[in-house]
Each structure stands twice: as C-alpha cells, then as structure tokens.
Peer 1: 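One structure coming up, written as structure tokens, with questions to follow.
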Amino acid sequence: GGDCSGVDLVALGNPHLSFSEVESLAAMVGGGGGAKHRDVRVIATLSRFVLEQAEAAGHALTLSEFGVEFINDTCWCMLGDVVPFPPIQSARTLITNSGKYAHYAPGLVNRSGFKVRYSGLAGCVAAARTGRAPPRPLFLAALRGCASVAGLGMALLRRGGSTGRI
C-alpha cells in the first residue's frame, strides 16, 4: 500500500550493465532531456572492462556529468550484510532496470516501508530526472501494491520473455 511513485534511488545493472546498455544510457541522459533530480541518486554497476570501454568512448564522462555513480566488479545490492552501503540504507523507494534485483531487493534490504519499482532503462532515466516512477509496464499492471514486484519473475514467464535481466 501507500504511494510508491516517489523515487530516491535508481539502481542500474545489478548485476552488471553491458556496453550497449551504457551506450544507450549515455544517449538518453546526454540528449538534452533535463538534469538529474537533486534528491535522486543514480548508481550503475558494471564490470571494469565495460567501464574502460565507456571511458574510451566518452560515455562515462557523459554519465558522470549527469550524476551517475559507478560501482565496479560487484553487485552492490549484495554488500549490505558485509559493508553497510549508504544508498540502500537510506533509500525509501528504488527503481531498477534489473528484473533480478527487483525480485530480490525487498528480501535483501528487509526494511519496513522499503519499496521497489521496476522499469526499462528509459523509465529509470525518467525517474532519475523527475524523482517519480513512470507507470508500470502493462504486463505488471495487475500486480497490487508497491513492493509486489516479487511476482515479476512469474509475470515475465507468463509474458514469454523479459524486458530486463532475470
């Protein structure tokens, strides 16, 4: 229940963005669509190799200028038990492009009131700019509540595919 349209953390990758996703993301944030909302953090996980490619292509600079923070060679969502990771400790609602993280985040964070939203890359960029989640994808519209993305895996299976990583 409750309002789950506000977003204060955008978690991209988890486990890792590919170079083509980084390239798409850089085009979206560098395309003149507006600045990142001041109250939203954007964190992208990617391998060291993909980050090196992104730096060579100029995409890392574009993303950094927008406000994207990079985490290399690990899925930061799993760090909470080992090292308290400030973005997830303070987040109330996150949006992610990762079906896998959308499914597991509520259990990993295990905090009352924590909400998870799922969207494609463009929806995550829109949330980063506005601080608001876009409408749910149609195949998730029947799910109730904010944190019901635990049903995401089954919804994707019924749909016959994935719009993100599983």
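Just so you know, these numbers come straight off a predicted model, no measurement behind them.
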Peer 1: Does any N or O in the side chain of Arg41 come within less than 3.5 Å of the main-chain N or O of Ala91, such that one atom is a donor and the other an acceptor?
Peer 2: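 A pair under 3.5 Å: no.
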Peer 1: Give the C-alpha distance, both sets of side-chain angles, the deciding distance and a yes or no for side-chain contact (heavy atoms from CB on, under 4.5 Å) between Ile43 and Val10.
Peer 2: CA-CA 6 Å; Ile43 300 178; Val10 177; over 6 Å; no
Peer 1: Do Thr45 and Leu17 make a side-chain contact, defined as non-hydrogen atoms from C-beta onward lying under 4.5 Å apart?
Peer 2: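 Thr45 vs Leu17: side chains apart.
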Peer 1: To the nearest 0.5 Å, what is the distance between OG1 on Thr96 and OH on Tyr118?
Peer 2: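 Nearest 0.5 Å value for the OG1-OH distance: 8.5 Å.
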Peer 1: Rounded to the nearest 0.5 Å, what separates atom OH in Tyr101 from atom CG in Leu12?
Peer 2: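 Atom-to-atom, Tyr101:OH and Leu12:CG are 11.5 Å apart.
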Peer 1: Which residue pairs satisfy the salt bridge (charged side-chain N to carboxylate O under 4.0 Å, His left out) criterion with at least one member in residues 6-20, sequence neighbours excluded?
Peer 2: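 Only Asp8-Arg92 qualify under salt bridge (charged side-chain N to carboxylate O under 4.0 Å, His left out).
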Peer 1: Let me confirm one number: the CD1-SG distance from Ile95 to Cys124, rounded to the nearest 0.5 Å.
Peer 2: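 Going from CD1 on Ile95 over to SG on Cys124, the span is 4.5 Å.
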Peer 1: Is the shortest heavy-atom distance from the side chain of Glu21 to the side chain of Asn97 under 4.5 Å?
Peer 2: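 Answer yes - side chains close enough.
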Peer 1: Write down the atom of Ser98, the atom of Gly13, and the distance for their closest heavy-atom approach.
Peer 2: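 Scanning both residues completely, I find the closest heavy atoms to be CB-O, 3.0 Å.
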Peer 1: Working to the nearest 0.5 angstrom, can you tell me the gap between Asn14 CG and Leu94 CG?
Peer 2: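 Reported to 0.5 Å precision, the distance equals 8.5 Å.
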Peer 1: Can you name the closest pair of heavy atoms from Pro15 and Lys100 and give their distance?
Peer 2: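 Closest approach of Pro15 to Lys100: CD-CD, 4.4 Å.
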Peer 1: Donor-acceptor pairs are to be reported for all side-chain atoms of residues 50-68 against protein atoms at under 3.5 Å, with residues two or more places apart or in another chain.
Peer 2:
unit_1 : atom_1 : unit_2 : atom_2 : d
Thr62  : OG1    : Gly58  : O      : 3.2
Ser64  : OG     : Ala60  : O      : 3.0

Peer 1: Can you name the nearest heavy-atom pair linking Gly131 to Val40, along with the distance?
Peer 2: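 For Gly131 and Val40, the tightest heavy-atom pair comes out as CA-CG2, 3.7 Å.
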Peer 1: Between Lys36 and Arg129, does the side-chain contact (heavy atoms from CB on, under 4.5 Å) criterion hold? Intermediate values first, please.
Peer 2: CA-CA 4 Å; Lys36 182 186 75 61; Arg129 286 188 168 122; 5.8 Å; no
Peer 1: How far does CD of Glu23 sit from CE of Met28, to the nearest 0.5 angstrom?
Peer 2: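 Between Glu23 CD and Met28 CE, I get 11.0 Å after rounding to 0.5 Å.
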Peer 1: Heavy-atom distance under 4.5 Å between the side chains of Leu9 and Thr93, does that happen here?
Peer 2: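 A side-chain contact is absent here, since even the closest heavy-atom pair is not under 4.5 Å.
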Peer 1: Taking only residues two or more places apart in sequence, or in another chain, which ones meet Asp73 in a side chain to side chain donor-acceptor pair (under 3.5 Å)?
Peer 2: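 Listed in chain order: Arg48.
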Peer 1: Atom OG in Ser24, atom CZ in Phe19: separation rounded to 0.5 Å?
Peer 2: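 If we round to the nearest 0.5 Å, Ser24:OG and Phe19:CZ are 9.5 Å apart.
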Peer 1: Answer yes if the side chains of Ser20 and Ser18 hold a donor-acceptor pair under 3.5 Å, and no otherwise.
Peer 2: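 Indeed, the side chains of Ser20 and Ser18 share at least one donor-acceptor pair under 3.5 Å.
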